[in-house]
Amino acid sequence: MARILITSAIPYINGIKHLGNLVGSQLPADLYARYMRGRGHEVMFICATDEHGTPAELAAAKAGKPVAEYCAEMWQVQDELGKGFRLSFDKFGRSSSPQNRALTQYFAGRLAENGLIGEVTEKQVYSHADARFLPDRYIEGTCPNCGYDKARGDQCENCTKQLDPTDLIEPRSAISGSTDLEVRETKHLYLRQSLLKDRLDAWISSKTDWPILTTSIARKWLHDSDGLQDRGITRDLDWGVPVKRGEEPWPGMEDKVFYVWFDAPIEYIAATREWADAEALGDEAWQRWWRNDKGAADVRYVQFMGKDNVPFHTLSFPATIIGADDNWHLVDYIKSFNYLNYDGGQFSTSQGRGVFMDQALEILSADYWRWWLLSHAPENSDSEFTWENFQASVNKDLADVLGNFVSRVTKFCRSKFGEAVPEDGTTGKRETVLIGELQRRLDAYQAHMEAIEIRKAAAELRAIWAAGNEYLQDAAPWAVFKQDPAQAAAIIRLSLNLIRLYAVLSQPFIPDASARLLTALGCEEAGWPDDIATAVAALPAGHGFAVPDNLFGKITDEARQDWQTRFSGTRT
RNA sequence: GGGCCUGUAGCUCAAUUGGUUAGAGCAGAGCGCUCAUAACGCUUUGGUUGGGGGUUCGAGUCCCUCCGGGCCUACCA
């Protein structure tokens, strides 16, 4: 039995995430976690909310609430949505937890001890009206290059020129619109990751089996212009982890917090600790997942994330982990995803364009979304959600191929033999051929799951479902029954066992349908098959079952058209 | 501007890393079946692999160039 540590990129606290966010990290991570648990491995699956930073403060202000209260409420919302999508986290933590505060401060202290923290005095724009320092992109003004009047302090969206806030003509706060701005000096801590560049470079180069998307982004940052730059890890904000050197005060850093990107990945560790604390377990319970010197040497650590997160996970966080020099377990595999687009454009949180997690669950249950999203995961390039494609895929795959198979087998059995696995009859060459095919396909399915080739795994699973229909058509128990009921019984006995097999194999993709099938078949304790021949004999003759309601209803044209208009923009 | 990814059948995607005649699913067409959610099965029509050039015995795959789509570019996270 292996030990697998799985983390999903942690979603930002600021609002409900859309399906593109879901398929880029949490959903594939859940698929992998469920599969690995199914195979009998010990899994620790961690996610959390990422709560610090300017956007959270602004969202809270907009909602008229203290930021801590706002975050607590939004955590609740995201937690429930995660449950709605059947995301099987062992812990869904919060980056604002005391555990993360302590660990973040600890890491900063270790990095300082090891000479990896520098102090840099820099100039930042302060807004009197907002009573805060403004990140570059929260300053707007007229672009000196093209005259665009809504250029941001980091870049002009119109002419794409890189800017400094001080380049802007008539700069103003993007928050309040105030022009009462002042450039102030402020001192910040920098993670001197440039010192670790060669080590990170060698490490990335050794990861030849990683997705090209992951390594190419990492290489770009390592080798671009001057190479890997040091990164500021503190901010002048109220909401965040207070800057401390371990447990000691950090002179000159009072009233500052760590940059959200410094504390967010550390939350992976902290959330594991939150889990251990919640379970009333000792430190060794979480440390055995993270510290190589405390039992984590045999852990395989896999991260899931959208491509925008890759630089932080391939460079900054590893620099933190390596720099602390405490035998922390580095990530072993990074699965990264492109973006899912929505019907010819991008999902847009600000414009309310596309389908958001709460809306999705209002119109259809989790399995529909899970199946479509995972079987179309944007692994190699950006992919696109269209309602036509969604309707066609879901109706065909789930309702026709899988759902109808279950329906035809169970209903035929009920009408001819009653609601128990029929005895009588023996299987022959046709069944041997089927078992051989299923075994080959199972091997392929497992190989794709191990390699986290999600679309390929989905295609193979679908082929496994389809094989049942092919077999049934070929064996034609409805015709055989007229001459030889015993032979028909053998065919149906096998087919009922196929349903059980499908429930087990499909669980990572469509857990609700899987559970309903196992309940209908009266076998909740269904383990992963060792081999097909044994698995298709698991349900013995005489074993009672119930005919389940139709597993999946179909999406009608009317519903599709309705949703199409409803989600085309501006959520209400 | 720079870098990276990408372009394969009407649609969504494969192609053992340079090797026979480029394959699946959906959609379309035909046939079959009647157990089943008008479901299922079988057969089948679709491709000058974005255009052009080059290397090679051989190119979807490597090189050059042009065209299209996308992402990143370090203070949003």
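Naming: A, B, ... by sequence-line order, numbering from 1 per chain. Since we're looking at a predicted model, the values are computed, not measured.
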Q | Donor-acceptor pair under 3.5 Å, A:Q124 side chain vs B:C75 base | A | yes

**Q.** Side-chain ion pair, A:K554 and A:D400, N-O less than 4.0 Å
**A.** yes

Q: Identify whether any heavy atom of A:K416 sits under 4.0 Å from a base atom; if not, whether one sits that close to sugar-phosphate; answer base, sugar-phosphate or nothing.
A: nothing

Q: Have a look at A:F552 and say if it touches a base, only the backbone sugar-phosphate, or nothing, with a 4.0 Å heavy-atom cut-off.
A: base

Q) Which is true for A:T54 with a 4.0 Å heavy-atom rule: it touches a base, it touches only sugar-phosphate, or it touches nothing? A) sugar-phosphate

Q: Could you run through RNA chain B and flag its stems, i.e. three or more consecutive Watson-Crick or G-U pairs with both distances under 3.5 Å?
A: B:1-7 with B:67-73, B:10-13 with B:23-26, B:28-32 with B:40-44, B:50-54 with B:62-66

Q. When you measure from the side chain of A:K411, which nucleotide among B:A77, B:U37, B:C26 comes out closest?
A. B:U37

Q) On a plain distance test, is the side chain of A:W261 in donor-acceptor contact with the base of B:A77 below 3.5 Å? A) yes

Q: Go through B:A74, B:G41, B:A15 for me and flag the one nearest to the A:R231 side chain.
A: B:A74

Q) Are the ring of A:F412 and the six-membered base ring of B:C35 within the stacking cut-offs of under 5.5 Å and under 30°? A) no

Q: Identify, with sequence neighbours excluded, every residue that meets ring pair (Phe, Tyr, Trp, His ring centres under 6.0 Å) alongside A:F312.
A: A:W261

**Q.** Those residues of residues 401-408 of chain A lying under 4.0 Å from RNA chain B by at least one heavy atom
**A.** A:G403, A:N404, A:S407, A:R408

